[in-house]
There are 2 protein chains.
Amino acid sequence: MSNASLWAALADPHRRAIVALLLEGPRSVGEIVAESGLSQPSTSKHLKVLRAAGLVRVRQDAQRRVYALDPAPIAELDAWLAPYRKLWNASLDALGRRLDETSQDPPGDPSDVTEETAPKD
Amino acid sequence: MSNASLWAALADPHRRAIVALLLEGPRSVGEIVAESGLSQPSTSKHLKVLRAAGLVRVRQDAQRRVYALDPAPIAELDAWLAPYRKLWNASLDALGRRLDETSQDPPGDPSDVTEETAPKD
DNA sequence: AGGGGATATTCCTTGACTGGAATATAGCCA
DNA sequence: TGGCTATATTCCAGTCAAGGAATATCCCCT
């Protein structure tokens with residue numbers, strides 16, 4: 001049910017960018033506009049979609065509205081992902097977990113499959 | 001990069017349904033058509049999108065083509081999710097971890113909070 | 001080679017989503 | 001109250017994805 005709007009909300013790259021911004025902390029609309037490079041109306045519209053999906057909540061502070069992430073839908077995504085995670089864990093094992101033991105990165109081996117960087121999109 | 005097509009591919013409910021089907025095991029197109037209720041051309045088109053996103057791979061068995069999940073993009077999704085997972089784990093802690101005391105998990109290892117529910121959409 | 005089944009690909013129409021510009025609304029302060 | 005700032009909403013045009021129907025393509029079998 002909420003799944004539908006959740007996926008739809010995250011399908012847009014700009015919206016994912018906004019969500020990534022809010023991961024660092026709450027932001028007012030003006031700040032989001034400044035940091036995302038989107039126009040103000042466009043930002044408001046995207047925030048509306050994110051709000052409808054339950055991904056963000058608003059706190060009204062004087063004239064400005066401060067948006068913050070709501071973790072619940074993310075958890076929902078995670079739950080959806082769970083069965084698949086088993087799958088690729090299994091396949092990683094099959095490929096040989098030994099390769100992961102070398103946690104260092106030797107120069108000349110740029111095969112980074114899994115980064116732990118912030119979501120950039 | 002591949003992120004874009006990945007999210008776009010999973011944004012569609014029918015496509016997620018197909019992916020959920022393939023989670024149970026590889027399927028031929030005909031079987032997917034039968035189980036998903038979609039038309040054959042529509043199914044082929046959705047499979048094309050999933051293929052472009054790297055979510056499925058095809059094995060050609062005589063005249064039929066058997067589709068199977070490719071775990072890698074799912075892992076990518078999981079990587080994207082990782083920073084947020086910290087967030088909602090934290091908020092779960094804030095809500096009071098004491099409620100979970102009925103479980104048998106040793107403290108200090110909240111790595112697997114997720115259940116093993118099937119993706120319901 | 002011909003027939004038939006399985007799958008992919010067009011063509012077309014329709015609906016949804018997006019961005020920009022302009023405008024409306026709401027809350028603060030002098 | 002008037003004006004200013006911050007945010008939301010409407011209107012509109014362009015774009016893109018989805019479904020249906022028909023058709024093409026590929027592969028096996030006799």
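Just so we're on the same page: letters track the sequence lines, and every chain starts at 1.
Distance OH (B/Y67) to C1' (C/dA6): 12 Å, rounded to an integer number of Å. We find that CD of A/E31 is positioned 11 Å from P of D/dA6, with the value rounded to whole Å. Per the geometry, CD1 belonging to B/I32 stands 14 Å off P belonging to C/dA6, to the nearest Å.
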Can you give the donor-acceptor pairs under 3.5 Å from side chains of residues 53-61 of chain A to other protein atoms, not counting sequence neighbours?
unit_1 : atom_1 : unit_2 : atom_2 : d
A/R57  : NH1    : A/L69  : O      : 3.0

Tabulate below the donor-acceptor pairs under 3.5 Å that side-chain atoms of residues 20-36 of chain A make, not counting sequence neighbours, or state none.
unit_1 : atom_1 : unit_2 : atom_2 : d
A/E24  : OE1    : A/R27  : NH2    : 2.9
A/R27  : NE     : A/E35  : OE2    : 2.7
A/R27  : NH1    : A/G25  : O      : 3.4
A/S28  : OG     : A/E31  : N      : 3.3
A/S28  : OG     : A/E31  : OE1    : 3.4
A/E31  : OE1    : A/S28  : N      : 2.8
A/S36  : OG     : A/I32  : O      : 2.7
A/S36  : OG     : A/L38  : N      : 3.2

Please list every donor-acceptor pair under 3.5 Å in which a side-chain atom of residues 41-49 of chain B meets a protein atom from a residue at least two apart or in another chain.
unit_1 : atom_1 : unit_2 : atom_2 : d
B/T43  : OG1    : B/S39  : O      : 2.7
B/S44  : OG     : B/Q40  : NE2    : 3.3
B/H46  : ND1    : B/R15  : NH1    : 3.2

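Atom CG of B/L81 is separated from atom CG of B/L87 by 10.5 Å, given to the nearest 0.5 angstrom. A/W80 CH2 to B/L77 CG: the interatomic distance, rounded to the nearest 0.5 Å, is 7.0 Å.
Scanning residues 54-65 of chain A for heavy-atom distances under 4.0 Å to DNA chain D yields A/Q63, A/R64, A/R65.
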B/S/- along nucleotides 10-24 of chain D (protein heavy atoms under 4.0 Å) is B-------SBBBB--
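A/T43 comes within contact range of no nucleotide atom at all, as no heavy-atom separation falls under 4.0 Å.
In terms of the salt bridge (Lys or Arg N to Asp or Glu O under 4.0 Å) criterion, residue partners of B/D78 (sequence neighbours excluded) are, by chain and number, A/R85, B/R85.
Few gaps surround CZ on A/R51; more than 12 heavy atoms of other groups in view lie less than 6.0 Å from it.
Considering all non-hydrogen atoms of both residues, B/E76 and B/N3 come closest at OE2-OD1, 3.2 Å.
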